[in-house]
Q: 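Just passing along the structure, written as structure tokens.
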Amino acid sequence: SMATASQQVIDRMARQIVDLLE
Amino acid sequence: HREQVRSIAVPVFACSDDRPGLGLRLTEAVHKEIQRRLPYRVVPGGSADSRLIGRVLGAYKDVIGETRNDDPRTLQLQLAVEVTWTDMRTQKVLA
């Protein structure tokens, strides 16, 4: 669904942000 | 210096885009990701020894593919986000 797809984008962005903290 | 960081505060990201809840949803996803991957405790602002401040600068949704009836079929969502991670004891920017 659209909501699921946008959540995937949000989760991917969260992973990229946390990459910076490693 | 990162080895000395034990806790991190991640306040709700500001969001200049008007999509409802986007800043909050992204912040919750970052909380989960930190807890899953890093040894830092996520704690409320005042007591943390580091702080991650985030801001959603923009969210852009485009149609990149259509059906033969011109209905949207493939959409692209792009997010632009700025984050700053600061050591609250030294005020040094860590990332």
Side-chain angles (χ1 to χ4, degrees), chain A, chain B residues 1-3 5-10 13 15 17 19-40 42 48 50-64 72-87 93-95:
Chain A
S1 72
M2 288 290 291
T4 305
S6 69
Q7 188 62 46
Q8 285 174 357
V9 174
I10 288 169
D11 290 342
R12 189 168 165 188
M13 175 58 87
R15 286 198 294 276
Q16 289 184 28
I17 290 169
V18 173
D19 285 346
L20 298 171
L21 311 187
E22 285 191 321
Chain B
H1 42 249
R2 295 183 183 205
E3 289 72 23
V5 172
R6 291 170 178 271
S7 60
I8 182 169
V10 187
F13 286 15
C15 185
D17 191 274
R19 282 172 212 278
L22 178 58
L24 180 60
R25 286 169 69 195
L26 180 57
T27 309
E28 288 172 345
V30 169
H31 279 211
K32 282 184 196 157
E33 192 67 10
I34 291 171
Q35 286 163 345
R36 195 170 72 79
R37 282 169 50 190
L38 301 178
Y40 313 141
V42 180
S50 72
R51 184 182 293 173
L52 182 73
I53 298 295
R55 193 157 60 102
V56 180
L57 305 175
Y60 315 99
K61 193 177 277 184
D62 302 299
V63 176
I64 57 172
R73 180 175 196 158
T74 308
L75 296 160
Q76 175 172 268
L77 173 60
Q78 298 184 68
L79 298 179
V81 179
E82 179 183 82
V83 293
T84 308
W85 184 32
T86 307
D87 188 322
V93 174
L94 301 172

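From a predicted model like this one, the values you see are computed outputs, not experimental measurements. In the text below, chain A, chain B and the rest are named by the order of the sequence lines, each starting its count at 1.
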Q: Is it true that B:E82 and B:R55 make a salt bridge, defined as a side-chain N closer than 4.0 Å to a carboxylate O?
A: yes

Q: Between B:L38 and chain A, with a heavy-atom cut-off of 4.5 Å, which part of the residue counts as in contact: side chain, backbone, both or neither?
A: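 B:L38 touches chain A through side-chain heavy atoms alone.
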
Q: Is there a side-chain contact between B:Y40 and B:L52 (heavy atoms, below 4.5 Å)?
A: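 B:Y40 vs B:L52: side chains apart.
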
Q: Is A:I10 close to B:L22 at the side-chain level, that is, under 4.5 Å between some pair of heavy atoms?
A: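 They are in side-chain contact.
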
Q: Would you mind checking which part of A:E22 comes under 4.5 Å of any heavy atom in chain B, side chain (CB onward), backbone (N, CA, C, O), both or neither?
A: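 Both backbone and side chain of A:E22 come within 4.5 Å of chain B.
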
Q: Between A:L21 and chain B, which part of the residue has a heavy atom less than 4.5 Å away: side chain, backbone, both or neither?
A: both

Q: Can you tell me which portion of B:V30 sits under 4.5 Å from chain A's heavy atoms? Options are side chain, backbone, both or neither.
A: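 It is both, since atoms from each part get that close.
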
Q: Any side-chain heavy atom of B:V93 sitting closer than 4.5 Å to one from B:T84?
A: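 Of all side-chain heavy-atom pairs linking B:T84 with B:V93, at least one is under 4.5 Å.
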
